[in-house]
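Below: one structure, written as structure tokens.
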Amino acid sequence: MLELIKEYDRVTEILNKNIKGLKAHPKILDKEEHKYLYPAYEKAMYIAISLSDLNIGLKYLDFSEALSNGYEANHFARNVALISYELINHQQKITGQEVAALISEKLGSEGLTEVKLYSKELKSVKKENHVKLNYIRNNLMGHRTENGMEMAKGMLNINHKEIYQIGKQVFGVYLKIFCAYSEVLGKL
């Protein structure tokens with residue numbers, strides 16, 4: 001169990017180092033000629049922060065499940081579901097038109113090939129899980145229902161292991177996107 005927690009923490013630490021490095025871009029790239037890179041760095045930070053949030057949620061969901069703490073596992077399953085929902089439903093935040101145009105201008109149309117490939121993979125994850133994640137988001141987390149009985153029934157119907165697998169799948173695709181995006185940033 002301790003080894004598992006250390007692995008989650010190691011991933012979070014790596015992501016946070018990347019976030020700190022990305023946050024430093026205005027100080028390092030302070031010349032006027034580098035300002036065109038700022039939106040790309042900001043998108044990379046969005047992806048890294050999202051990955052870190054999801055990793056932390058997965059860690060505590062996994063930990064609660066291992067301890068057979070159903071109440072906490074339910075809480076973290078709802079948290080992972082909400083983060084996963086937001087990530088699969090706001091894919092325009094991955095690149096956006098401004099950054100896509102910048103990459104195409106500097107690297108040609110092949111500059112975004114890998115990111116587009118993984119974005120398609122993310123759309124597939126969305127297609128498979130949107131309804132389930134949307135229900136959790138709209139009724140049990142983001143816009144809680146007023147009916148306590150309905151909420152309790154909805155919470156009891158959450159399959160922690162299934163939500164963990166969905167979150168892990170979203171994390172895996174976002175990690176691929178982050179790696180591809182980082183590679184693109186290195187070429188800009």
Can you list the residues that meet the ring pair (Phe, Tyr, Trp, His ring centres under 6.0 Å) rule with [X], with sequence neighbours excluded?
X      : answer
Tyr181 : none
Tyr85  : His130
Tyr41  : His25

Looking at every non-hydrogen atom in both residues, tell me the closest pair between [X] and [Y] and how far apart they are.
X      : Y      : value
Ile158 : Ala77  : CG2-CB, 3.8 Å
Ile19  : Ser52  : CD1-CB, 4.3 Å
Phe76  : Gly57  : CB-O, 4.2 Å
His160 : Leu61  : O-CD2, 3.9 Å
Leu87  : Leu122 : O-CD2, 4.0 Å
Ala48  : Phe178 : CB-CE1, 3.7 Å

Scan Gln169, Lys126, Lys176, Lys116 and name whichever one has a side-chain hydrogen bond (donor to acceptor under 3.5 Å, both in side chains) with Glu121.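 Looking at Gln169, Lys126, Lys176, Lys116, the match for Glu121 under the side-chain hydrogen bond (donor to acceptor under 3.5 Å, both in side chains) is Lys176.
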
Would a single hydrophobic cluster contain both Leu175 and Ile14, if residues Ile, Leu, Val, Met, Phe, Trp and Tyr are joined by side-chain heavy-atom contacts under 4.5 Å?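 In one cluster: no.
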
Going only through I, L, V, M, F, W and Y residues with side-chain contacts under 4.5 Å, is there a path from Ile103 to Leu117?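 Same cluster.
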
With a 4.5 Å limit on heavy-atom distance, are the side chains of [X] and [Y] in contact?
X      : Y      : value
Leu54  : Leu51  : no
Ile177 : Ile47  : yes
Ile166 : Lys132 : yes

Any side-chain donor near an acceptor of the partner, Asn55 and Tyr8, under 3.5 Å: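 Note: Asn55 and Tyr8 side chains miss the donor-acceptor criterion.
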
Is the side chain of Asp62 donor-acceptor paired with the backbone N or O of Leu58 at a distance under 3.5 Å, no angle test?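 Answer holds: no.
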
Any donor and acceptor pair, going by atom type alone, linking the side chain of Asn74 with main-chain N or O of Gly70 inside 3.5 Å?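 Looks like no, no N/O pair under 3.5 Å.
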
So does Glu128 have more than 12 non-hydrogen atoms from other groups sitting under 6.0 Å from CD?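 Yes - once you tally the heavy atoms of other residues, nucleotides and ligands closer than 6.0 Å, there are more than 12.
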
What do you reckon, is OH of Tyr60 surrounded by more than 12 foreign heavy atoms closer than 6.0 Å?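 Open.
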
Apply salt bridge (Lys or Arg N to Asp or Glu O under 4.0 Å) to the pair Glu86 and Arg137, showing each step before the final yes or no. CA-CA 9 Å; Glu86 296 297 328; Arg137 175 190 178 264; 2.9 Å; yes

Nearest 0.5 angstrom please: Asp53 CG to Ser84 OG, how far?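 Rounded to the nearest 0.5 Å, the CG-OG separation comes out at 11.0 Å.
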
